[in-house]
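Here the structure comes first, spelled out in structure tokens, and everything after it is commentary.
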Amino acid sequence: MSRVYNFSAGPAVLPEEVLQEAADEMLDYKGCGMSVMEMSHRSKVYDDIIKEAEADLRELMNIPDNYDVLFLQGGASQQFAAIPMNLMKNKKAGYIITGQWAKKAAAEAKKYGEVVELASSADKTFTYIPDCSDLAITDDMDYVYICENNTIYGTKYKQLPNTKGVDLVADVSSCFLSEPVDVSKYALIYGGVQKNVGPAGVVVVIIRKDLVRDDVMPFTPTMLKYKTQADSASLYNTPPCYNIYICGKVFKWLKKLGGLEKMKELNEEKAKVLYDFLDQSKLFKGTVEKKDRSLMNVPFVTGDKELDAKFVEEAAKAGFVNLKGHRTVGGMRASIYNAMPKEGVEKLVEFMREFEKKNL
Ligand SMILES: *Cc1c(COP(=O)(O)O)cnc(C)c1O
């Protein structure tokens with residue numbers, strides 16, 4: 001068996017240890033004679049799995065008691081609609097547009113209320129995070145929405161916007177559990193897990209309890225109402241059982257590693273290897289303003305489309321796969337999530353150095 005270095009933006013690399021453990025438990029989970037895939041979500045065994053996953057996540061993120069943790073389906077994109085349906089009481093919200101995902105979320109929210117575009121970095125193809133220190137935020141806004149790490153463009157907020165007391169909602173899909181967060185600064189945090197936490201099919205929503213309520217928009221589907229899900233502890237209907245089980249294993253892996261402080265340290269070391277190389281390279285160039293660089297997604301170009309394509313092809317042959325940039329951006333993108341070992345990035349940089357020698 002040989003495993004590649006997988007730089008995919010999502011679904012993405014998972015810790016090998018977790019995959020191995022899951023393989024060991026595939027046919028017989030802890031002596032119960034069946035796979036987690038085969039068991040009832042109402043069984044005691046499964047109840048322990050989902051409860052433990054929640055408890056571990058609460059511990060890792062230090063989630064205050066006045067927040068609910070929900071394991072839901074529909075991906076991050078489903079939340080683009082669920083958020084306005086549940087939170088838009090005044091039917092007005094502010095959105096900061098830092099890329100495709102924020103743009104999509106804003107477009108969806110417009111179906112349900114007024115969306116005020118507070119800031120945007122579209123003028124420079126989303127290569128930076130706009131200044132969010134003094135935005136035109138008004139009291140009648142139900143929330144301010146951000147996409148905290150922009151998977152496609154490789155930018156990340158290093159400082160949260162000044163929301164002037166208005167609730168903050170954040171899509172953290174591609175930076176989930178990559179560093180510590182102060183949950184109390186947000187009204188709602190959510191993320192599809194397939195970037196940094198687990199297999200596609202789960203979105204985790206962390207929501208302040210006063211926002212979990214009955215007076216949502218009247219047409220809100222039962223399944224999209226946070227109260228439905230919170231009242232039944234994410235077991236209103238059959239949840240994505242197996243995927244939640246894998247997420248739980250990743251939470252344990254993170255705890256064993258030393259938690260999110262330690263994870264951040266490792267992510268910074270790892271990203272530095274790649275960014276330092278890009279900053280001195282005569283062939284490759286990072287595309288993002290340095291101050292806004294993501295630790296997770298690193299886009300870069302040679303400036304020559306044919307050479308970019310040649311690089312992606314030769315890298316894949318050498319075992320560095322999924323380095324092609326998003327179809328809307330071109331160039332390359334290395335996603336170096338939690339589970340990508342530092343060694344993978346070091347070897348990639350070695351490969352890039354050789355490629356540069358031959359092609360400059
Ligand atoms: C991938 C991604 C999404 C979309 O996730 P789905 O689960 O496919 O809907 C949304 N936001 C961000 C930041 C992403 O990286």
Side-chain angles (χ1 to χ4, degrees), residues 6-14 70-85 95-109 111 120-122 125-130 143-158 160-161 168-179 181 186 188-207 221 223-224 229 234 239-240 242-244 246-247 250 267 288 292-299 322 324-329 333-340:
N6 179 9
F7 294 93
S8 170
V13 57
L14 285 167
L70 309 173
F71 295 97
L72 308 177
Q73 307 196 43
S77 301
Q78 180 104 291
Q79 296 305 311
F80 298 170
I83 288 162
M85 281 183 194
Y95 277 68
I96 302 173
I97 311 298
T98 51
Q100 296 283 351
W101 296 119
K103 216 160 105 181
K104 281 191 172 172
E108 191 69 21
K111 295 182 180 173
S120 167
S121 51
T125 31
F126 303 117
T127 51
Y128 70 103
I129 298 288
Y143 59 88
V144 170
Y145 181 101
I146 62 167
C147 177
E148 197 162 329
N149 185 81
N150 296 280
T151 326
I152 296 172
Y153 301 95
T155 59
K156 159 111 203 299
Y157 285 79
K158 299 296 159 77
L160 293 176
L168 178 65
V169 171
D171 173 358
V172 300
S173 297
S174 51
C175 58
F176 213 1
L177 303 177
S178 64
E179 56 184 277
V181 286
Y186 304 78
L188 188 154
I189 299 177
Y190 76 97
V193 303
Q194 73 273 24
K195 308 292 161 67
N196 211 12
V197 183
V202 184
V203 54
V204 178
V205 174
I206 301 165
I207 178 172
M223 282 286 290
L224 292 193
Q229 303 289 353
S234 307
Y242 192 79
N243 307 43
I244 294 169
I246 299 288
C247 291
V250 173
N267 283 330
V288 166
D292 300 323
R293 281 173 165 174
S294 165
L295 290 179
M296 298 282 101
N297 311 97
V298 184
N322 290 319
K324 193 166 183 262
H326 190 268
R327 56 192 147 72
T328 60
V329 191
R333 170 179 50 173
S335 293
I336 50 175
Y337 295 120
N338 287 351
M340 170 59 64

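Quick caveat: nothing in here was measured; it's all calculated off a predicted structure. All values below were derived from every heavy atom in this structure, side-chain atoms included, with hydrogens, water molecules and symmetry-related copies excluded. For ligands, and for the atoms within them, numbers begin at 1 and follow the listed sequence.
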Which N/O atoms of ligand 1 sit under 3.5 Å from a protein N/O, and at what distances?
residue: ligand 1; atom: 7 (O); partner: A76; partner atom: N; Å: 2.9
residue: ligand 1; atom: 7 (O); partner: Q194; partner atom: NE2; Å: 2.9
residue: ligand 1; atom: 8 (O); partner: Q194; partner atom: NE2; Å: 3.4
residue: ligand 1; atom: 9 (O); partner: A76; partner atom: N; Å: 3.2
residue: ligand 1; atom: 9 (O); partner: S77; partner atom: N; Å: 2.8
residue: ligand 1; atom: 9 (O); partner: S77; partner atom: OG; Å: 2.6
residue: ligand 1; atom: 11 (N); partner: D171; partner atom: OD2; Å: 2.6
residue: ligand 1; atom: 15 (O); partner: T151; partner atom: OG1; Å: 2.4
residue: ligand 1; atom: 15 (O); partner: K195; partner atom: NZ; Å: 2.5

Tell me, please, which residues at least two apart from K156 pass side chain to side chain donor-acceptor pair (under 3.5 Å). E179
Check side-chain contact (heavy atoms from CB on, under 4.5 Å) between A76 and all other residues, then give those that pass, not counting sequence neighbours. S173, Y190
Considering only distance and modelled atom types, tabulate donor-acceptor pairs under 3.5 Å from the side chains of residues 97-109, sequence neighbours left out.
residue: T98; atom: OG1; partner: N150; partner atom: OD1; Å: 2.9
residue: T98; atom: OG1; partner: N150; partner atom: ND2; Å: 3.2
residue: Q100; atom: NE2; partner: Y153; partner atom: OH; Å: 3.3

Under 4.5 Å between any side-chain heavy atoms of L177 and N338, yes or no? yes
I'd like to know if the side chain of S234 reaches the main chain of F71, judged simply by a donor and an acceptor atom lying under 3.5 Å from each other, with no hydrogens or angles considered. yes
Look only at the side chain of S335 and the backbone of Y337, and say whether a donor-acceptor pair between them is shorter than 3.5 Å. no
